[in-house]
Enquirer: 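Attaching a single structure in C-alpha cells format; questions to follow.
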Amino acid sequence: MSNKDKKEDKAKNIIELENVVVYLNDRMVLEDINMSIPYGCVTAVIGPNGAGKTTLLRSILGIIKPSSGKISVFGKSPDHLGKDRNRIAYVPQIRSVDMTFPIRAKEAVMMGRYPRIGLFAKPSKEDYKIVDEVMEQVDITSIADKPLSKLSGGQVQRVFIARALAANPELLFLDEPTNGVDQLHSSNFYELLKVLKKENMTIIIVSHDVGVIANYVDAVACINKKLFLHSVPKAINGKVLSEMYGCDAVLFNHGEIPHMVVCKDK
Amino acid sequence: MGIFEYAFMQRALIASIIIGVLCSVIGVYVVLRGMSFIGAGIAHASFGGVALGYLLNVNPLISAIVFSVLTALCIGKIARRKVIKEDTVVGIFFSATMAFGVLCIGLLKGYNIDLMSYLFGSILAVSNEDIYLIGGVACVVLPCIFVFFKELKFVTFDPEVAEIMGLPVNWLYYCLLVLISLTIVASMKLVGIVLASALLITPAASAYQFAEDFKTMMTISVILGLVSCIGGLVLSYYLNTASGATIVMLSTTIFFISVLFSPKKNYIKRLIAMIKK
Ligand SMILES: Nc1ncnc2c1ncn2[C@@H]1O[C@H](COP(=O)(O)OP(=O)(O)OP(=O)(O)O)[C@@H](O)[C@H]1O
Ligand SMILES: [Mg+2]
C-alpha cells in the first residue's frame with residue numbers, strides 16, 4: 001500500500017456499520033445498527049447478557065454475515081479483507097480450543113506472529129523479542145514454558161491476550177478479556193489499554209465492568225439488540241442504562257473521564 | 001538380518017519405513033483436529049477407487065488416489081457449509097463409496113481380484129512400482145507439512161482466530177484432506193484399506209499421552225509409527241501372520257501401554273496408591 005493510500009485510509013473511519021441487521025436462526029439479534037469508529041479510538045461495548053455484543057464483534061470480523069446493511073472495515077467488506085486481516089487481532093469470549101492441546105504458553109503467544117511471518121519463514125529474533133515483551137506486559141513470563149493444560153483459566157486468558165498483542169495489530173477486538181482474570185491482572189490490563197492507545201491502536205472491547213471501563217475508553221456503545229447510545233463515556237447516565245438493561249440501573253461514579261470527543265454521537 | 005535378504009522383504013521394509021513416517025506425521029493433525037472418522041471415511045472411499053481402476057483397466061492405486069482425493073474434497077466442501085454435520089457427511093460417503101466399489105466389482109464378471117490384499121494388506125503385494133508410488137507420495141506430503149508447519153499448527157489449534165488473523169484456513173483444510181488421502185492410499189498395499197486409518201490414528205494418539213508441546217508430539221509419533229511398522233513387519237514374518245494386522249496390533253499395544261504410563265493420566269501412581277491403601 002502506498003503512503004498516499006494509507007493517508008486516505010486514515011482519514012476515513014476504520015469501521016463503519018450502516019443499518020446492519022443480523023439474524024441468527026431466524027431470530028433478530030441485532031436491529032438496525034449504525035456506528036462508525038475512527039482510527040485510534042478505544043471503544044467499549046456494553047450491554048446485558050444476550051444483548052448481541054459478541055454477535056456485533058463477529059459480524060464486524062466477517063464470521064457472521066448480516067442479513068441486511070453494510071459493514072466496512074479498513075474501507076472493505078469484512079469477507080473481502082484479504083491481506084488486511086493481518087492487521088487484525090481477536091481475543092474471543094468463548095474459547096472453542098482444546099485445552100489439552102500439546103502446546104506451551106510461549107508457543108501459543110508466538111502464533112500471533114504467524115500471519116506476519118508469512119509462509120516458508122521461521123520466527124526471527126525480532127519475533128521472539130516481541131513475544132517476550134508481550135508476555136512481560138501481561139505477566140506470563142514465569143509460566144511461558146508451561147503447557148496450556150497445566151494453566152488456570154485466568155492464565156490461559158492472559159496467554160490469549162498476549163497472542164493478540166503479539167500480532168501488533170492496528171485493530172484489536174477483545175471480547176470480555178478480563179473474564180476470569182484476577183483483580184491485580186485486570187487493572188494491570190486496563191493500564192495496558194492506555195499504553196496501546198498511545199501506540200495508536202484501534203480497540204473494541206466488550207466488557208461488563210461498566211464502571212471501570214469508562215475510565216479507559218474514548219467511546220462507549222450501549223447495545224441491547226439496538227444501539228442505545230454511542231458516545232463519550234460521560235454521556236452514559238442512569239436513564240440510558242435502565243433503558244438498555246430493561247431495569248433500574250445504578251448510576252456509577254466514573255471519576256475522571258477522558259473528555260476527548262473522538263467518536264461522534266449516533 | 002537374514003530376513004531382509006529376500007527382495008520382497010526389502011520392498012516391504014522400505015514401504016514400512018516410509019508409511020510409518022507418513023502416517024504418524026499426518027496422524028498428529030488427524031488426532032488433534034478430531035478427524036479420525038474422516039480418515040476412516042477416506043480409507044473406505046479408496047476401495048471404490050481401486051475397484052474403478054480394475055473396471056477401467058488403469059493402475060488401481062492411481063485411480064484410488066484420484067477417487068479418494070475427490071471424495072475427501074467433496075466431504076470437506078459439504079461439511080464446511082455447516083448445514084449437514086461433518087460426521088453425517090462422512091457416514092454417507094463412507095457407505096456410498098464402498099457400495100460403488102462392490103458394484104464395480106460385480107461388473108467384472110469372472111475377474112478374480114485379490115481383494116483381500118487390498119482390504120487387509122499383504123507384504124507380498126508390495127511391488128517395485130508401489131515403492132515408487134509410496135516414495136512419490138512421501139515427496140509430496142512431507143515437504144507440504146514442512147512448508148506449512150506453523151500455519152497447520154495454528155489452524156489445528158485455533159481455526160477461528162487463525163482465520164480472523166488472516167491465515168488461509170479453508171485452503172489449509174483442503175490441503176490437509178488431500179494429504180490424508182494420499183497417505184491412506186500409500187499405506188493401502190501394506191496394511192490395507194480397512195486398517196490404514198488405524199495406523200493414521202494410533203501412533204499419534206500414543207504420542208498425545210506424553211507430549212507437552214507440538215514438536216515433541218510429532219517426534220514421539222514418528223518414533224512410535226516406525227517402531228510399529230518395522231516391528232510389525234518383522235513379527236509378521238516370524239509369526240507368519242498378516243503384515244497389516246500385525247502392525248496395527250503392535251501399534252495398538254503400544255497405545256495401551258502409553259495410556260497406562262501417561263503422565264497426564266497417572267494410572268500407575270493411582271494404582272500404587274490404591275495398593276498401599
Ligand atoms: N448460533 C446462534 N443461533 C441462534 N441464536 C444465537 C446464536 N448465538 C447467539 N444467539 C443469540 O443471540 C443473542 C446474542 O448473543 P451474543 O452472544 O451476541 O450476546 P452477548 O451480548 O455477547 O452476551 P454475553 O454478555 O452473555 O456474552 C442471544 O440472545 C443468543 O441467544
Ligand atoms: Mg458475548
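The structure displayed is predicted, hence computed values, not measured ones. Note on naming: letters A, B, ... go to the chains in the order of the sequence lines (proteins, then strands), and numbering restarts at 1 for each one.
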Enquirer: Highest number of heavy-atom pairs under 4.5 Å with chain A: which of B/Leu32, B/Thr156, B/Thr216, B/Leu167?
Expert: B/Leu32

Enquirer: Could you tell me which portion of A/Phe160 (side chain, backbone, both or neither) has an atom closer than 4.5 angstrom to a non-hydrogen atom of chain B?
Expert: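 A/Phe160 touches chain B through side-chain heavy atoms alone.
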
Enquirer: Tell me, do A/Leu148 and B/Phe157 make a side-chain contact under 4.5 Å, heavy atoms counted?
Expert: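 Yes. Closest side-chain heavy atoms under 4.5 Å.
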
Enquirer: Could you look at A/Arg58 and say if it's the side chain, the backbone, both or neither that has a heavy atom under 4.5 Å from chain B?
Expert: side chain

Enquirer: Can you tell me which portion of B/Phe149 sits under 4.5 Å from chain A's heavy atoms? Options are side chain, backbone, both or neither.
Expert: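 Neither part.
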
Enquirer: Would you find more than 12 non-hydrogen atoms of other residues, nucleotides or ligands less than 6.0 Å from A/Glu136 atom CD?
Expert: no

Enquirer: Calculate, to the nearest 0.5 Å, the distance between atoms OH and CD belonging to A/Tyr90 and B/Glu163 respectively.
Expert: 12.0 Å

Enquirer: Considering only heavy atoms, which portion of B/Met165 lies under 4.5 Å from any heavy atom of chain A: side chain, backbone, both, or neither?
Expert: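 Answer is both: backbone and side chain atoms of B/Met165 are under 4.5 Å from chain A.
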
Enquirer: Let me know if A/Pro92 has heavy atoms under 4.5 Å from chain B in its side chain, its backbone, both or neither.
Expert: side chain

Enquirer: Can you tell which part of B/Phe148 gets under 4.5 Å to a heavy atom of chain A, answering side chain, backbone, both or neither?
Expert: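 Side chain of B/Phe148 only, per the 4.5 Å heavy-atom cut-off to chain A.
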
Enquirer: Taking atom NZ of A/Lys76 as the centre, does the number of heavy atoms from other residues, nucleotides or ligands within less than 6.0 Å exceed 12?
Expert: yes

Enquirer: Where on A/Lys150 is there a heavy atom nearer than 4.5 Å to chain B: the side chain, the backbone, both, or neither?
Expert: side chain

Enquirer: Please classify the contact of B/Glu212 with chain A as side chain, backbone, both or neither, using a heavy-atom distance under 4.5 Å.
Expert: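 B/Glu212 touches chain A through backbone and side-chain heavy atoms alike.
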
Enquirer: Would you say that more than 12 heavy atoms from the other residues, nucleotides or ligands in this model lie under 6.0 Å from the CZ of B/Arg270, or not?
Expert: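 Yes - once you tally the heavy atoms of other residues, nucleotides and ligands closer than 6.0 Å, there are more than 12.
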
Enquirer: A/Pro102 and B/Ala211: which non-hydrogen atoms are nearest, and at how many Å?
Expert: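 For A/Pro102 versus B/Ala211, the nearest heavy atoms are CB-O, 3.8 Å.
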
Enquirer: Check the surroundings of atom CZ in B/Phe210: do more than 12 heavy atoms from other residues, nucleotides or ligands lie under 6.0 Å from it?
Expert: yes

Enquirer: Which residue out of A/Ala167, A/Ala121, A/Ala108, A/Pro169 racks up the most heavy-atom pairs below 4.5 Å with chain B?
Expert: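 Top count of heavy-atom pairs under 4.5 Å with chain B: A/Ala121.
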
Enquirer: Salt bridge or not for A/Glu107 and B/Lys153, using N-O below 4.0 Å?
Expert: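 So A/Glu107 pairs with B/Lys153 through a salt bridge.
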
Enquirer: For A/Thr100, is it the side chain, the backbone, both, or neither that has a heavy atom closer than 4.5 Å to a heavy atom of chain B?
Expert: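 The answer is both parts of A/Thr100.
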
Enquirer: Between A/Leu61 and B/Ile164, is the side-chain contact (heavy atoms from CB on, under 4.5 Å) condition met? List the steps.
Expert: CA-CA 7 Å; A/Leu61 286 164; B/Ile164 286 165; 3.6 Å; yes

Enquirer: What I'd like to find out is whether the side chain of B/Phe154 reaches to under 4.5 Å of the side chain of A/Arg163, using heavy atoms alone.
Expert: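 Side chain of B/Phe154 against side chain of A/Arg163, heavy atoms only: contact under 4.5 Å found.
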
Enquirer: Would you check if B/Asp158 and A/Val97 make a side-chain contact, meaning some heavy-atom pair closer than 4.5 Å?
Expert: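 Yes - at least one pair of side-chain heavy atoms lies under 4.5 Å apart.
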
Enquirer: Within the structure provided, determine whether B/Phe214 and A/Arg104 are in side-chain contact (heavy-atom separation under 4.5 Å).
Expert: no

Enquirer: Relative to chain B, which segment of A/Ile63 carries a heavy atom at a distance below 4.5 Å: side chain, backbone, both, or neither?
Expert: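 Just the side chain, heavy atoms under 4.5 Å.
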
Enquirer: Determine whether B/Glu151 and A/Leu119 make a side-chain contact, defined as any pair of heavy atoms from C-beta on separated by less than 4.5 Å.
Expert: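 With C-beta onward as the side chain, the pair touches.
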
